[in-house]
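Just below is one structure, and these are the notes that go with it.
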Amino acid sequence: MKKITLYSAILICFASCQSKMSTENDMANYSEKYRPAYHFTPEKNWMNDPNGLVYYEGEYHLFYQFNPYGNTWGHMSWGHAISKDLLQWENLPVALEEYQDPLTGDSTMIFSGTALVDKNNTSGLCQGKDCLIAIYTSHVHKNGEGKMQHQSLAYSNDKGRTWKQYSKNPILDIQRKDFRDPKVFWYEPQQKWVMATVIPDLYKVRLYESKNLLEWKQLGEFGPLADTSRIWECPDLYELPIIGSEGKTKWVLSISGGHPQGPKFVGMQYFVGQFDGTNFTPDDPNQSALYLDHGKDFYAGIVYNNIPKKDGRTIMIGWVNNWTYGGQLPTSPWRSAMSLPRVLSLKETESGFRLIQTPIEEITKLRTEIITDSISSTGAAEIEIDLDTENSLEIGIRVFKSSDEQTIIGYRTKDQVLFLDRRNSGHVSFHPDFASIEEVKLKPANGKIKLHIFIDQSIIEVFANNGEVTISNYAFPEKGEYKIETYSQGGKAPTYKLWKLKSVWSK
Ligand code: FRU
């Protein structure tokens, strides 16, 4: 008897000491190798899509697909962080956790979805005049096998700190194994909620409407169109201003699916058109794919709900990673990052309306030292550089550089191609498809390609010609020397303006 007690005491001590030790050892300090200084990363563990982006009472909420138990995909739950400026994030406890059906024993993971402010308590679930509502895909599975996906609802009456599951979940069930990623927004002209969902394997976006967030009626469907090389996921539908046409807007439907480099990778595409409260109609019903980002590491992007009218911006955050190699990124104890928040708008061009993406201007708050030499060294910076395309065959900038590693952002004048080359960027061997070069056609404006580049330890985001084109990619420089230099074949190496950016995690 005594023996058993002693044994169990040792066991208990072993378990608790272990868990204490491992929390201490795992405690991230946000200064590990490759840890971004100003892009959001969870303290530890696996993260994928941004979820439930919503602004409420002075706080931007960032929920995200999260595995509370490890560094690879699984046990999907909603991680949670808040920010006052979309830059400095405070990590909060997991908001919505995977749960077990008490009757069947099946597990339900919390897949991607939306959060919104139920302004007039249309759901009747708010204790005061309004509250936060989350609508997510309830992914039912058994022994790792997906059985069913439907949409469910949870609500919070304390600014997102604690959540209750709606007692009559699911709120939308079409008895399908793949049916997911609800994005819900308020459609002012018809005073109703609209939900965009995907039927991934049919390349369809299906729309629904509701007055109370609890009962949903089907509206129109969109797709298949353009790139159907990979299943469609994470739809979003939003109205954007047109640059230079005061007061004019058009609607954009974005989805995550195929990639400009074909079915090996995933990426995002978008359609521009009109939404009348029932159907989204693209301007060009035969359009070929328009890709949102030309890098490998921008996926599952969605825009914020409830940004105050006086701000007026449409702000998107995307997942910096690619399903092809995402589970093998050489980072620990976290895996994956979020992109910089981007402001979206439209521009009319000869070929139709095109998306313009620019980094939020708040980022200038992180600027410290400014450097204008052509050779410098830093891993976290914002760089502005104009490439003169008239006197060079190829011109650009090399970042994350050491004697034998570099990532090149350059422009080939002969065929008017902007590229990001990470083939020799350092640690590329963790996956056979990681070493790559991204290329996108881009015309100079007044003989120049204007680059606005953000580098952050292992992330590179390039905004070209005032946001006409973006390229977002990881690169993992092994040597960690982080040198920067410009080059030109045939002309003069360009100069640049560089601001070192401070970490958002340092106290
Ligand atoms: C997109 C996605 C979503 C799904 C989630 C699961 O990256 O596959 O369709 O809801 O991730 O984690």
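For the numbers below, each heavy atom of this structure counts, side chains included, while hydrogens, waters and symmetry mates do not. Indexing begins at 1, ligand by ligand and atom by atom, following the structure's order.
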One line per pair, note the atom names and distance for all nitrogen or oxygen contacts under 3.5 Å between ligand 1 and the protein.
residue: ligand 1; atom: 7 (O); partner: D49; partner atom: OD1; Å: 2.7
residue: ligand 1; atom: 7 (O); partner: D49; partner atom: OD2; Å: 3.2
residue: ligand 1; atom: 7 (O); partner: W323; partner atom: NE1; Å: 3.0
residue: ligand 1; atom: 8 (O); partner: E233; partner atom: OE1; Å: 3.4
residue: ligand 1; atom: 8 (O); partner: E233; partner atom: OE2; Å: 2.8
residue: ligand 1; atom: 9 (O); partner: R180; partner atom: NE; Å: 2.7
residue: ligand 1; atom: 9 (O); partner: D181; partner atom: OD1; Å: 3.3
residue: ligand 1; atom: 9 (O); partner: D181; partner atom: OD2; Å: 2.6
residue: ligand 1; atom: 9 (O); partner: E233; partner atom: OE2; Å: 3.0
residue: ligand 1; atom: 10 (O); partner: S112; partner atom: N; Å: 3.1
residue: ligand 1; atom: 10 (O); partner: D181; partner atom: OD1; Å: 2.6
residue: ligand 1; atom: 11 (O); partner: N48; partner atom: ND2; Å: 3.3
residue: ligand 1; atom: 11 (O); partner: D49; partner atom: OD2; Å: 3.2
residue: ligand 1; atom: 12 (O); partner: N48; partner atom: ND2; Å: 3.1
residue: ligand 1; atom: 12 (O); partner: Q65; partner atom: OE1; Å: 2.7
residue: ligand 1; atom: 12 (O); partner: W73; partner atom: NE1; Å: 3.0

**OP:** Scan residues 266-282 for pairs that pass side chain to side chain donor-acceptor pair (under 3.5 Å), counting only residues two or more places apart or in two chains.
**Re:** none
**OP:** With sequence neighbours excluded, give me every side chain to side chain donor-acceptor pair (under 3.5 Å) pair touching residues 194-208.
**Re:** R176-D201, K204-E221, R206-Y208, R206-E221
Original post:
Taking the six-membered ring of F434, is the NZ or CZ of R422 close enough (under 6.0 Å from the centre) and on axis enough (within 45°)?
Top reply: yes
**OP:** Indicate, with yes or no, if the rings of F275 and Y187 have centres closer together than 6.0 Å.
**Re:** yes
Subject >> Set of residues satisfying ring pair (Phe, Tyr, Trp, His ring centres under 6.0 Å) with respect to H150, sequence neighbours excluded >> reply: none
Original post:
Near Q191 CD, under 6.0 Å, is it more than 12 heavy atoms from other residues, nucleotides or ligands?
Top reply: yes
